[in-house]
Each structure stands twice: as C-alpha cells, then as structure tokens.
Amino acid sequence: MEENAKKPGLFEEGGPLGFLHSTVDAFETFLRVPGTVSLKGAHVRDSVDLKRIMIIAVLSVVPAAIFGMWNVGYQHALATGTTASILQNFWFGFLRVLPLYIVAYVVGLAIEFGSAQIRKEEVNEGYLMSGMLIPLIVPVDVPLWMLAVAVAFAVIFGKEVFGGTGMNIWNPALLTRAFLFFAYPNQMSGSDTWIHLKKGETMIDGATGATPLSYIREGADALTNCGAQYGTDVWTMFWGGVPGSVGETSVIAILIGAFILIYTGVASWKIMVSSVAGALLVGWLGNLGGDAIPAYWHLVMGGFAFGTVFMATDPVTSPQTECGKWIYGFLVGAICVVIRLFNPGYAEGMMLAILLGNTFAPLIDHCVVERHITKKNKKAKIA
Amino acid sequence: MSNSTIDLKKGLSIPVSGAADRIVSEKLVPDTVAIQPDEFKGFLPRLLVREGDAVLAGSPVMADKKNPEILLTSPVSGTVKEIVRGDKRKLLAVLIQSDAKQEYVDFGVQDAAAASADCVKSTLLKSGLWPAMIQRPYGILANPGITPKAIFVSAFSTAPLAADTEFTLADECKAIQAGITALSKIAKVHVCVPCSSSAFAKVKDASVHVVSGKHPAGNVGVQISHISPILKEETVWTVSLTLLSAIGKVFSEGKLILDRKVAVTGPCAKNPSYIETIPGMPISLIGKMACPDTEVRFISGDILSGKNVGKQGYLGFFDNQISLIREGRDTELFGWAKPFRFNQFSATRSYFSRLCPKKKYDMDTNLHGGPRAFVMPDSFYADVLPMDIYPLYLIKACIAEDIDKMEKFGIYEVLPEDLALCEFIDPSKNYIQSIIRKGIDLMLKEMA
C-alpha cells in the first residue's frame, strides 16, 4: 500500500514547499490554461474565465494610464515653465508612476497570494484590476510607504476578511484612496499635491497646482485665474490637460476604456448611463439654486468620469440586478454632485459617492428582489 | 383547446459541431440491456427477479419499496443475466440477456378515450411506464396517490445537438395522441411545440402552446414557468415525448414497446446520425461510431445535462441522444491571453466568436479555467435563463442551505438542467447544476 501511495510533489499539498502551492498554481495557470476537464454537470464550458474578463478590464484602463503618465510630465513642464516633447513628458511621468505600480502590485498581490494559500484556494485575478486602478487615483507625489500601508489596509480589511474577491462589499481600489484621504489628508489635497516637482524646483510665477475642481470651490472668478496656465474651458478638461489624480483627467481616454468595457459586456452600461443622468440632474438643480457651474461640467471635472466607468461598475460591489443597477448608478452620480455642491472642505465627491453606493448596493438589490417576489406571488394568486 | 404563443428572448444556442443527419444509419439490437434504478430519482429498488429468471418485455424486474405498485419492467424478452451491485451491496443494474424473439407481456388493447383515470394509472403502473412521469417540484418519481395540477409535455428539445423529434417521432403521431388522451384522464395536459407547423401542433385533448426561442426554450421546466408556474404545495408531472409514444402504444397495442430513434452526435461522432435501439443498450455498441485515437467521453443525453456513462455504460431510460466529445486534457499556452481563439466558443464578447455566428466548434470537456468565487452579477446568468427567477440568488441560497430563501427564490420551479446554461457560461467555473441538485436533495429531506 505504502509503496503505491503517490508522494506529493515539491509544491503539492503536503510536499516540502506545499505552502507555495497557490502561488505556483497561479503562475502556472497564468502561463497555460490547465488541462482540467469538467467532472459533472455541463460537459462543455465557455472559453471565458475570470482571467480573460480581468485582462479586458485592465486593458480598458491602459489608455487612461498612458495619458496620465504623459500628463504628469506635461503638468510639470507647465508649472516649471520648461518645454518638453511628448515623449519627454511621457518618460518623466512614467518614471514617477512606475514606482506606484510596483508598490501597488507587489503589496497587494503578496497579500492575495498569502490569503489564497491560507484558504487553500486558487489565487483570484480580481486584484489585477484593483492594482491597475490604484496608482491612477492617487496624487503622483504620494509617498510610497503610505501607498503600501493603504493597499495593505484595503486588501486585508476591505477584501480578504470577507473571503476574497467576489465577497467584498467595497471597491478595494477606492478603499485604498479613502484610507489615504482620511489617514493622511495633508498629502491628499491642497494645491501642492497634484503636480510633481523635483527637489529644488519651484513653480513659476502665477502657476498653480490646484485642480479645476478645487478652483471652482472659490468661485468662478478664481477659475479664470488658472486659465493662463492650463486652460479651464470644457474642451481642455475633456481632453485632460489639467492637474489631478494620475489617470482621472482625460475624459477621452476614459471613454475609450468605456467603449471596451461596454462592447465586451464586462461592465454595465446601465450604471454608467444612470450615473451621468444622476449627476446632470443634481447639477441642474444646483443651477436652479444659484450655483454657477454648468451641470455638464461635473461630467468632465475631477474623478467623475473615471469613477463612473471603472470603479462604480465593479461587478462585485455594484448591484446584481438590472433594475438595481439603474438605481445605484443614479445614486452614485447624484451623491457625487451633491457632495461637490455642498461640501466646502472637500471638492471631490466621487470616491465617497461610490463607496456609499457600494454600501447600499445589497440593500438596493434586496428591495428590488423582494418587490419582484411580492409581485410574482400576487400574480400567481390571481391566476 | 386554448392555444398560446410564448416567445422567449433569453437563452443561448451552443454552436457545437456534430449534429445528426436525418437518416437512420443502423438498427442496433443489443443482446444485453441494463435496467438502472438510479436513473429514477426517489425510486428505492426492491428486486423481483433472480439471476437466470426468464422475463418478457414488460415483465416486472424491480418495485419501489415505498410504493410497491411502481414497477420497473424489462424492455426485452430473455433471461436475467446478472445483478450488478456496488458498494454496500447497492443495486446498480439488472442486466437482461435478450433472446432476440422479443415476446411481450400482453396488457390488453384499450381505447384510451374510454378509459378511466384509475384504469390509466393501473395500466401505466403495471407496464413499468409509470416511472416515465416525473413529478415537479424536485424532479422525482410521480406519486400515483395524488392528482397533479397538470401534465406537461415538451414536444421538442433545444439542447445542443438534440434529437429532432419531428424526425424521430413523426410517424408515431397516433401513439402520441393515444398517450395524450390517456393522460388527459388524470389531469389537464399541456403540450409545447416549437412552431405552429410542428407535426405535434394538432394534437387533441391537450392545450397546445407554441414556445419559440433558443435553449432552454425546449426545457419543460421553462415552459411550465411561463404557462402555469408551480407554487408551494402544487405538483405537476412531466413526460418526454419519446416515452409518451410508448405510453400510447401500451394502450393501442397492449405491449411495452420502448424502441426509439437515438441521435448519435457530437464532435467525436464519425458519422453523426440516428440509430434505432432500445433504452438500456450498452454504449459499447456504438463504440465504432466514435473517433479512434482520441479519449472520448460517452454521454447518455446532451452535452449540458447528460450523464457521463463511459464506454461501458448504458443508454438511459429517458435519453434519445448520445453525445461524443473529446476529453480536453491538454493545456493551452497563454490561452486566456490570446487576442483570438478561433477554435473556441464564448457566449461573451470577450472573444470574437460572436462575430461568426454560423461557425460550429469542436468543443471538448476542458473547463477553460479554474474554480473561483462568483464575480459576475446575477444579470449575467439571468441572460441565459428565460424564467422569472434570480438564478444567482437561488444558487447562493442552495450553497448556504437556507431552505426559506431557496423556496423564495424559486427552487420549486427548477431542476438542475434548467440552469445548465448558467453553468456553461460561468467564468468562475462553478458546478451550478450540482449545487442546485444538492439544494433539491436538501429540500426533499427537510420536507419529508
């Protein structure tokens, strides 16, 4: 008997390096689709898996990431009064953003691999998307150790304690940002955060690092002040040559991502559309109440577009039901603009709006499903 | 009779290659057939024969322990060759050696139109065709002691490569009509046809419904949910069209005739076509129809919900299809990362297979991924389930073993086969049908 018992391999359960089983499996299945066959039930399966869905999601963010890197360099050049070519600007930004990516992925994936091993599961691909988003929603100058702490917090307390990807309540990438925002507010807001300056560099006279959104808080007059530096017309804010978090500024790049997500069906267009509708409605009500900012500006300013397309549509933390998606998207858009209109201390509302939306998503679903069941039972009684 | 038209938008037709040509390539007369009690959910077998006993087609072989009137009978005449038992002496199958004379037990020719409900029931019980009736909820052996709300017959199947009933049963319309007339004595009969020009659209003594759409429009569970949903404490019975024709013949000819045309299909079938045979036929008889040099999975039934019986297995009592597909045990370098995978199908747009809708794929049994927690939302799964339920909520209630929620989210309305497409498209590669099966088993245990 004992001779026949197969010795566990080096990385298999019970083998000498068994504690690396999930990690090795993750790398192996990353390279090759395994030869596992269906054991029961449906004998054939769709060729789609979570790896494919996640890679599409990651690809959809790439245009925004590339633009963001270029914009880091461009804003630096504007603020210091130097001139640089497109490639030079991109390279400048790339070198600033790359460390953020390395930190976000190394810290986050290490925790994912570790917890998958503890749960004896395969590593879930969900973090690939979170790690792609995190560097794009923080200021470029965020200290790396802060980012590491924030990522660890978000992945452990936002995801793993609930049971990993698929079980989490809040979007892990946004939790990272929320942690940074509340733990280290000085590094996360104000006009010095959004433009990277090397040691010893100073801004030229009249230049500022303030974003259009923070200017608007001071009134429309102030907005024209920064026009000299980066232009604050809607078109500039649309194509993205303004200061802000790395990936959030260019609506064009984000729309390319939105197209990929909607075409492939990876993200829900319903959430995107209703979020825009919610923002426009509240913005319009704000106009009636005397706010000077045209409602549609909210769509191109700050993190609204980025949040709507990439973060609010996370399939795990958004509602499960079609009807719930409409409600949730509308709430996210509306709450975002409400925060922008009424909160003097903090100009941006998208992060809190989505986290609030995530919190209420199960409740929205619950109401939708309950209502459906009540209706169905009534119909059955009549029939 | 009242007629209605139901057009289902949701669903998915899986473009797998190997559809059977509409010809009967062979008539297979097996010299051994198997009767397998496990096929009948809720049947606790008590053996009525011993090895060496002589039987006729229609002679009882097993009876249900709880309800001894329910019999399983032999489809052929001959002798009991072997009683196959598994662990703890569990009865797996009774093998019957056929004598090739095919002599029948005479049940007496009856006019179905003149028979009473009790008479219909007793004929079905003694002929061994009672187990053809499946009781919902739960998909179990029908209880002869109750009267169901209705009896449903799906006259077509939309399952991948399913046998075309317009071909297999076109010349059995008379028997089918006799079967419907007989069953209509027990309860109202609903027949669902794919289009109004169907050969079975003109049956009498039943409500005919036209149900059109992609798979699972042909699943009787889906049809029930649109015509007369099952509520708590209600039961309906279902019977397949193939077995309905056998029921008809018991009345019109007085004999148990289970002969049927069976589609041999799938990418690994050399000449996908129909064979004429009887249930319990050893699958090895069609071994020569499978591609050589590959490891083939022999499935009695379709590729979504059929049973992997292996080459040594037997054709199931309910099945009129055998699917042959390759075991996809090979790995694929960078499979998920390739921009194109021309030879693989995906219902999602994350690949480009939607751009060539006519293409048929040589599918295999590879999972194309590893098991994960559910990530995609309920609406993703609901897209292939034309029923008024939230599939993911039901699945999660089953996983949580929460009886109240299972009841609320529609466990009465479904059988695992209805959610087979959810399992097919699931990027998290869960065994959804098995989860639903466990949920149903739990309900059965709790409600008993």
Side-chain angles (χ1 to χ4, degrees), chain A residues 25-26 28-56 121-126 163-167 263-266 268 270 315-316 318-325 365 368-370 372-373 376-377 379-381 383, chain B residues 14 16 228-229 231 297 299 303-306 308 323 325 327-337 341 344-351 363-380 388 390 392-393 408 416 420 423-429 431-434:
Chain A
D25 176 82
E28 199 176 329
T29 58
F30 195 80
L31 286 178
R32 313 177 279 157
V33 176
T36 344
V37 295
S38 58
L39 299 174
K40 51 196 170 181
H43 300 278
V44 295
R45 297 298 189 99
D46 195 297
S47 56
V48 76
D49 64 349
L50 275 192
K51 284 189 173 64
R52 181 68 176 192
I53 287 176
M54 286 302 161
I55 196 77
I56 287 173
E121 283 175 3
E122 292 185 21
V123 179
N124 197 304
E125 293 79 8
T165 304
M167 316 286 188
Y263 174 79
T264 54
V266 168
S268 163
K270 289 174 185 148
V316 176
S318 61
Q320 301 280 311
T321 55
E322 296 290 302
C323 177
K325 284 175 187 170
D365 273 336
V368 169
V369 172
E370 286 297 320
H372 171 261
I373 288 171
K376 191 172 150 183
N377 289 345
K379 212 170 99 186
K381 268 182 200 139
Chain B
I14 297 177
V16 57
S228 173
L231 305 176
R297 181 176 291 193
I299 301 163
I303 52 173
L304 286 179
S305 308
N308 176 7
S323 304
I325 50 172
E327 291 284 10
R329 293 191 200 279
D330 29 26
T331 58
E332 191 186 0
L333 194 65
F334 288 123
W336 59 275
R341 267 163 122 180
Q344 294 194 21
F345 171 74
S346 174
T348 69
R349 285 179 197 264
S350 51
Y351 292 97
M363 294 185 179
D364 58 37
T365 62
N366 193 291
L367 273 183
H368 304 298
R372 297 287 183 273
F374 286 104
V375 165
M376 295 310 271
D378 179 87
S379 48
F380 179 81
D388 197 16
Y390 289 103
L392 200 53
Y393 280 78
K408 201 161 107 183
E423 182 170 326
F424 173 79
I425 60 162
D426 183 14
S428 299
K429 311 295 174 190
Y431 288 105
I432 290 174
Q433 292 187 87
S434 161

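Hydrogens, waters and symmetry mates are skipped; everything else that's a heavy atom, side chains included, is used. Proteins get letters first, then strands, A, B, ... in listed order; numbering begins at 1 in each.
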Nearest 0.5 Å, what's the [atom1]-[atom2] distance between [X] and [Y]?
X        : Y        : atom1 : atom2 : value
A:Ile56  : B:Thr348 : CD1   : OG1   : 6.5 Å
A:Leu39  : B:Leu367 : CG    : CG    : 7.0 Å
A:Gln320 : B:Tyr393 : CD    : OH    : 5.5 Å

Does any heavy atom of chain A fall under 4.5 Å from the side chain of [X], the backbone, both, or neither of them?
X        : value
B:Phe424 : both
B:Ala420 : backbone
B:Glu332 : both
B:Ile299 : side chain
B:Ile325 : side chain
B:Arg341 : side chain

Side chains of [X] and [Y]: closer than 4.5 Å at any heavy-atom pair?
X        : Y        : result
A:Lys325 : B:Pro377 : yes
B:Val375 : A:Leu50  : yes
A:Thr165 : B:Arg372 : no

(message) With chain A as the partner, which of B:Gly306, B:Gly370, B:Gly369 has the greatest number of non-hydrogen pairs under 4.5 Å?
(response)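 Answer, by heavy-atom pair count under 4.5 Å with chain A: B:Gly306.
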
(request) Considering only heavy atoms and a distance below 4.5 Å, find which of B:Phe374, B:Phe380, B:Tyr351 pairs most often with chain A. (result)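 Most heavy-atom pairs within the cutoff with chain A belong to B:Tyr351.
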
How far apart are the closest heavy atoms of [X] and [Y], and which atoms are they?
X        : Y        : value
B:Met376 : A:Gly265 : CE-O, 4.4 Å
B:His368 : A:Asp49  : O-CB, 3.2 Å
A:Glu122 : B:Pro371 : OE2-CD, 3.4 Å
B:Ala373 : A:Asn124 : N-ND2, 4.3 Å
B:Tyr390 : A:Val368 : OH-CG1, 3.8 Å
A:Gly35  : B:Thr331 : N-CG2, 3.5 Å

(request) Give a yes or no answer on whether the side chain of A:Lys376 reaches the backbone of B:Asp388 with a donor-acceptor pair at less than 3.5 Å. (result)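 A pair under 3.5 Å: yes.
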
(message) Donor-acceptor pair, distance only, cut-off 3.5 Å: does the side chain of B:Asn308 make one with the backbone of A:Gly41?
(response)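 Such a contact is absent between B:Asn308 side chain and A:Gly41 backbone.
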
(message) Can you list everything that forms a ring-ring contact (aromatic ring centres under 6.0 Å, His included) with B:Phe345? Sequence neighbours excluded, please.
(response)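 For B:Phe345 the ring-ring contact (aromatic ring centres under 6.0 Å, His included) partners, ignoring immediate neighbours, are B:Tyr361.
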
(message) With a 4.5 angstrom heavy-atom cut-off, is it the side chain or the backbone of A:Asn377 that approaches chain B, or both, or neither?
(response)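 Looking at A:Asn377, nothing touches chain B.
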
(request) Check each atom of A:Val369 against the heavy atoms of chain B and say whether the ones under 4.5 Å are side chain, backbone, both or neither. (result)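 For A:Val369, the contact with chain B is made by backbone and side chain together.
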
(message) Listing request: all salt bridge (Lys or Arg N to Asp or Glu O under 4.0 Å) pairs with a residue in residues 35-46 of chain A, at least two apart in sequence or in separate chains.
(response)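 The answer is A:Arg45-B:Glu423.
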
(request) Specify which of A:Ser268, A:Gly166, A:Ser38 makes the most heavy-atom pairs with chain B at under 4.5 Å. (result)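 So the answer, after comparing A:Ser268, A:Gly166, A:Ser38, is A:Ser38.
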
